[in-house]
Structures are given as C-alpha cells and as structure tokens.
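Here's the structure we're looking at; comments come further down.
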Amino acid sequence: MSKSKNVRRTFLRSTVAAVSMFVAGSAVAGDFDGVTLKVATWGGSWKANIEKVIMPKFEAMGGSIEFVTGSPQANLAKLIAGRGRAPFDVMEVLDAQEQDFFATNEFLQKIDLSKVTNTENLEDWQYSDWRVASWHTQESICYNRDKFAELGIDAPTTYADLVNEKLAGRISIPDITSGGGLANFAAISHAAGGDEVNVKPGLELITKLNALKFWSRGGEVVTQLQSGDVYAAVVHSGWCVRARNAGVNVATVHPVINDQHTGVHKYGWLVIMKSSENAAAASWFINEYNEPEFQLEYARNSGVVPVNHKAIEELKSDPVLAEMLQLESEDINKQLRIDYSKANISDWTDQWNRTVSQQ
Amino acid sequence: MKTRWEFVLLPSFVIIGILIVASQYVFLNGSFYKDMGLGRIGDSATMVNYIRFFTDSFYLNTLWITIKTSALASIFTLILGFPVAYLIARMRSHWSMLLLAGIVVATFVTIVIKVFGLIILFSADGLINQVLMGIGIVDRPYTIIGNQTGVVVGLMHFTLGFGVLLLYSVIQTIPRSLEEAAQIHGASRWRMHMRVLLPLSLPGVTVGALMIFNMSMGAFTSAALLGGGRVFTLPVLIQRTVMMEVKYSMAGTLAAVLLVTVLLINLLAIFLIRRLRAARLVIA
C-alpha cells in the first residue's frame, strides 16, 4: 500500500513538474509573440553581430528585431525631430551624450534591472535604473612599428611624443565629430595640462601634432595605415587590431595622461526610450547584449572591450587582443574616464572648428 | 472646348513644391530663431544667427573657401572638359558614342567610390606619388588630403563628367561649317577657336560653368572626405552643425546664406552675360 502510494506520489510530482516545465517553456517561447523591437545602433559589424547572436534568440521567442542604423548623434537628431517619440525602443548611446540623455533622463524610461541578470558581472557604476553599460573602447595610439624603426623614433608613450618633425603630416587624429572624437580630445586636453572645462592646452597640442587629417570613420585609419600615408593614429585599439589583421605591423600604446591615469576609455550604454511600449523586450535585449557569448563576439569582430567580467576573462586567451588591449582590472581602472557633466560640448566643437580649420 | 493644358502640369508643380520648397521652408524659417540646445529653438524671431554669421570671421572665411574652391573647380573643369567635349562633338566615327557612353557611365559611379579612388591614387605609396618621386619632381609624397587643393580636385572629379556632357551639347549646336568657313578664309586653328568657337559657345559655356559651380557649392562628400576635417566648406559646416551640435537654427542660417549666395552669383553672371551681349562681345 505504502509502495503504491509512493509510486502514485512520484507519478503526480513528475506530472506536475513536466506540466510546469512545459508551461514555463511555452511562456518563454511565446513571451515576445508579435513584438517588433526597434534597435538604434551603428550599421556594419555592430548590426551584424546582433543579427548573428541576439536576433535568432528573440525570433525563437516569437519576436522580431528591426534596426535604425546611425551614429548616436544621428539617432539623437531623429529623437528630437520626433519630439521625443522615438522611432526605436532601445538605443546605443555614448558616455559623451551624458547631458543629452542622463542630465534629465527626459527621453528615457527605467530599465527593469531584475531582468538584466548580467549586471552581476558588471561594476556597480556600470548600471543604474536608466542605463546599462554595453561595451567600452580603449582609445590609444596605434603606430606602425616598421616606420618608427625606419625613422629611428622610439615607441610613443604620450601624445606629446608624436610632436616630431619626422612625423609631420603622418599623424591621424579623430575629428571631434567622430565616435571617439570627444573622448580623445578630452584626453589630449588632460595630457596637455587642461581638463573638461579648459580645453585650450589640448587644442595647442593638437596644432603642434601637425596631423595629416582628422578622421571621421575608423576604417579610414586602417586604410591610411595600410597605404603608408599615416605612421601613427589616435584611435581605439579595435581599429589597431583590424590594421594588424590587415597585415600592417602596428602596435597599440595606451598613452600616459597624468600621474593617475594611463589610457582613456569610451563607454557605450544601452537605454530604453520613454516612448517605447516594448520595455520588457528591451530589458531582455539589454541582458542578452551583456551575455558573455555576445560580448565576446563583439570584441572579436569589432575590437571593442566587453564590460562583462566573464567575457573579459575569456578574452585574455586571444593572443592579439591580449597584447593590444588592457584586460586587467587594475589597468582598466587606471584609464581616464571623461566627466562629461562638466563639458560644454558645443563650446568644445566651436573651439575645435576654429582651431583646426584651414583658413 | 478648349483644353486646359496647364492642369497637366499641376501635379508635377505640386510635387516639386512639396519636395523643394516645403522641406527648405522648415530650415529657412528656423534660421530666424535662436538655438536653445538639444535641437530646440526659441519662441521669438531674431536675427541673432545672421548677425553672428556676418560678424564672425570664421563663418565668413568658410563662405569664402566655399566660393573659392567651387570657382576654381568650375574653371579647371571647363579647361579640362572643353577639349574633350569638342573632340567628341567633332568626331565622325562611332567612337564618339562609345566615349560619351563611358562618360555617362562614369557619372553614375557614386562619389564616395570616386573619392576613395583619388585617395588611393594620391596615397604615399600610390601611383602618382611613385611617378612624381621617381622622376624627381617631389622629394616626399604629395597629399591631397586635408587641404584646399584636394577639395578642388575632388570637386572636379565630381563634376567633370557632367561638365563634358554639358559642353558637348553646347558645341554640337555650333555648325561645323562656320569653323570650316573661318579656316578657308585664312584663320589659323587657334584664331578660329578664339574668334568663332569661343564667342559662339560662351553663353552655353557660362550656363555650364554656373551649373558646375552650383553643384560644387552644395557638394558635401568630396569636401568632407578630402578636406580631412581641416577644410570647412559651408555644406561640411552645415552637416557638423546639424549632426554634432544639433543646432538646427544655425544650420538653417548657414543653408540660407549658401542658397542666397548661389542665387546672387548666378544673377550676377546672367547680368554680366547680358552686358557682354549688349556690347556685342558675345553672340546670342
């Protein structure tokens, strides 16, 4: 009798468990039935990575992802043109857009952090109710070792080391309108003795650097390093990795900024737009973006550095990335983080235009 | 019953009106308001943007660079394009059609590809620099990136095919018999060109030059890619003002100044041509 009871009990439990699992499984599978999540991101490999890793998972749950491609500035312009009614649900923004987005949060809605479980692998400052960090780039000096050796110049350690007659017209610096333009401009200003408020020393140093051009797309840097037009470029390490992969003998240097900082980084953030009616899907997307699998895909294809600690640890096994990126927490924490809340970007741009333009 | 043919034109008139006038109106109207940050504009109309433009040497220099590079590109495009157009127009073989087709196809190639082609040609290890250094004309590679020369070359590359096609159609309207008559009466080839061909083609050449100039004034890609972030023409500055600074009103002001400048230069050119006609220096 007791044996029969036990069998019945076990059968009942198994049935309940199986039904529960089935119900739970179907809930996940159908969670986003009919949901079209619109993601504002860059085009190219950025979009391709999402299409490859995240999109199939979302589609398996019944949803679909559409892209609104463009730079964060261009997407901000779309947001403003739509008077806050964003043509997208979730958006990639840069830390330089601190004042555009985070000073008032008026374009944003809160993220359901309970659905972003990957935050447990992020630093505390890398997430809040309004934003979650998605990647970072390490802005560096990418230099051609062969050309430097030919000219008898030592590897640079600071931006000022690029002020050299032999390098005149052979340096490429990011234009202030480019993705890393603001971070690098601020870093050069810090290194020259200025800061976010006083950028004049930075402009003076940039003038002395006698750059061939101010690049607006990272791909230009790779082309210029390949063609031999440029011997060194201020660019994020990912582009230097691509130049190395393209066969140019380049190395990265994370420039000494001051006593406390070596190197500078730029952060990407994910936010959910206030007008979005797909907040749950957007939160899910943000979590998937921070999955180690996706973070590694991004790092290997685009050269950006993960924010997820697990992904950073795994990246150390890649010899090229380990050589060209700073992957130890101690080094990452020493990198300069620009305080954009102090910056007057419009004034920076105005001063930049007047200084670099050929009159 | 009389057919009102003007109604046939109405749909295209309305569409053109919406596409050109309405889209421009938003920016031009915005130019009279103050930028309030984050793309917002003030409530009351003001001339503050125009005052800033005309009292700030940076903006005035940008206007001057835009006019200068466009004018130089137009002149050099005419100098390069006229002989080619003349040759094709006067060819008697089937090659003329083939050459014309080649030029038409070349104009379809996107300007980004054309400019990158130029960048590769003029790169430090590129063909042109290898030749120049090989024959000792320069001792270090010459670059067209980040200077006004490069922008002029880029604008020429952008407009040359179009210019040749325009000039070809102008030259074709001049009867070959007039050239032959001049030469039968003892005019040298040079004299025939200067006294017959040039005066007869000048109105058409002027219109062609103006069209090339107008295209160059509004050209963004060549100036942005070859200017290397150092040469600011008005279209480049407009793009930066809209995309980076999100100052729609100031961008509208820059667009308005560009539009009015182009209109004024075109009107001035037409006025000069009329004066020349009146003085019988140009044959209409």
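In what follows, every heavy atom counts, from backbone to side chain, and hydrogens, waters and symmetry copies are set aside. Lettering follows sequence order; numbering is per chain, from 1.
- Looking at Gln97(A), neither its backbone nor its side chain comes within 4.5 Å of chain B, counting heavy atoms on both sides.
- Using a 4.5 Å cut-off between heavy atoms, Asp56(B) contacts chain A through its side chain alone, with no backbone atom that close.
- Contacts between Arg217(A) and chain B at a heavy-atom distance below 4.5 Å are absent for every atom of the residue.
- Residues Ala168(A) and Arg140(B) approach most closely at O-NH2, 3.4 Å, considering heavy atoms.
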Contacts table for residues 201-210 of chain A: side-chain donor-acceptor under 3.5 angstrom, sequence neighbours left out:
residue: Thr207(A); atom: OG1; partner: Leu203(A); partner atom: O; Å: 2.7

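- With a 6.0 Å radius and a threshold of 12 heavy atoms from other residues, nucleotides or ligands, Glu165(A) has its CD atom at or below the threshold.
- When heavy atoms are compared at a cutoff of 4.5 Å, Ile120(B) does not approach chain A at all.
- Atom CZ of residue Arg354(A) and atom OG1 of residue Thr62(B) lie 8.5 Å apart, to the nearest 0.5 angstrom.
- The distance from the CD atom of Gln239(B) to the OG1 atom of Thr177(A) is 6.5 Å, given to the nearest 0.5 Å.
- Proximity to chain B (any heavy atom under 4.5 Å) is shown, for Ile173(A), by neither the backbone nor the side chain.
- The shortest non-hydrogen separation linking Lys247(B) to Ser346(A) is NZ-OG, 2.9 Å.
- Phe232(B) approaches Ser357(A) most closely through the heavy-atom pair CD1-CB, 3.6 Å.
- Residues passing the side-chain hydrogen bond (donor to acceptor under 3.5 Å, both in side chains) test with Asp229(A) are Ser227(A), sequence neighbours excluded.
- For Lys38(A), the NZ atom sits in a loose shell: 12 or fewer heavy atoms of surrounding residues, nucleotides or ligands are nearer than 6.0 Å.
- Residues Thr143(B) and Lys213(A) have side chains not in contact (no heavy-atom distance under 4.5 Å, counting atoms from C-beta outward).
- In this structure, no portion of Phe101(A) lies under 4.5 Å from any heavy atom of chain B.
- Within the 4.5 angstrom heavy-atom criterion, only side-chain atoms of Ile345(A), from C-beta onward, approach chain B.
- Looking at Ser216(A), neither its backbone nor its side chain comes within 4.5 Å of chain B, counting heavy atoms on both sides.
- Annotation for Lys34(B): atom NZ does not count as buried by contact number, only 12 or fewer foreign heavy atoms lying within 6.0 Å.
- Of the possible donor and acceptor atoms, one in the side chain of Arg230(B) sits under 3.5 Å from a partner among the backbone N and O of Ala211(A).
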